[in-house]
Amino acid sequence: MDEEREMLLRKYAAGEITWSTLRERGFENYLHVLGGLGEPGLRPPVAPLEGPNRAARERGRAAIREALRSPR
């Protein structure tokens, strides 16, 4: 991976730039982003838990946690 692409991916992982910025800079597919993040061991950014969708996101997270705790 070239240095500019890695720098962009690092900024994306840190929440400094957005997916739309990556598209403008030549990333055509989000799978390429995920693969590029994986090479240096980076993770996708986590959206802040604020704004009008907060309650819905909290309910979704609680449902996932409960499902993971439940015996199968």
Side-chain angles (χ1 to χ4, degrees):
M1 175 180 346
D2 68 35
E3 290 180 28
E4 181 183 0
R5 287 177 70 84
E6 184 173 345
M7 184 256 323
L8 289 168
L9 288 169
R10 287 186 182 282
K11 285 185 172 193
Y12 177 69
E16 297 172 9
I17 62 173
T18 63
W19 161 231
S20 60
T21 302
L22 291 178
R23 283 193 318 242
E24 291 169 3
R25 299 302 262 315
F27 286 86
E28 299 173 15
N29 184 316
Y30 196 67
L31 289 176
H32 297 148
V33 173
L34 293 175
L37 289 170
E39 287 181 36
L42 300 172
R43 299 179 127 198
V46 176
L49 193 57
E50 55 191 38
N53 295 325
R54 180 180 182 149
R57 290 182 59 204
E58 286 176 339
R59 285 191 305 273
R61 290 171 71 174
I64 291 169
R65 282 191 193 104
E66 183 61 32
L68 292 172
R69 274 185 247 154
S70 297
R72 297 176 201 261

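Please read all numbers here as calculations on a predicted model, not as lab measurements.
Checked against side-chain hydrogen bond (donor to acceptor under 3.5 Å, both in side chains), Thr21 has the following partners two or more places apart in sequence or in another chain: Thr18. Evaluation of the salt bridge (charged side-chain N to carboxylate O under 4.0 Å, His left out) rule for Arg69 yields Glu66 as partners, not counting sequence neighbours. Checked against salt bridge (charged side-chain N to carboxylate O under 4.0 Å, His left out), Arg61 has no partners two or more places apart in sequence or in another chain.
In terms of heavy-atom proximity, Arg43 sits nearest to Leu37 at C-CD1, 4.1 Å. Pro44 approaches Leu34 most closely through the heavy-atom pair CG-CD2, 3.7 Å.
Rounding to the nearest 0.5 angstrom, the gap separating the CG atom in Leu8 from the CG atom in Leu22 is 6.0 Å.
Here salt bridge (Lys or Arg N to Asp or Glu O under 4.0 Å) pairs that include residues 46-59, with residues two or more places apart or in two chains, are Arg54-Glu58. Residues in residues 39-66 take part in no ring-ring contact (aromatic ring centres under 6.0 Å, His included) pair, two or more places apart or across chains. Residue pairs meeting the side chain to side chain donor-acceptor pair (under 3.5 Å) criterion with at least one member in residues 22-37, sequence neighbours excluded: Tyr12-Tyr30.
Without hydrogens or angle criteria, Asn53 side chain to Ala56 main chain gives no donor-acceptor distance under 3.5 Å.
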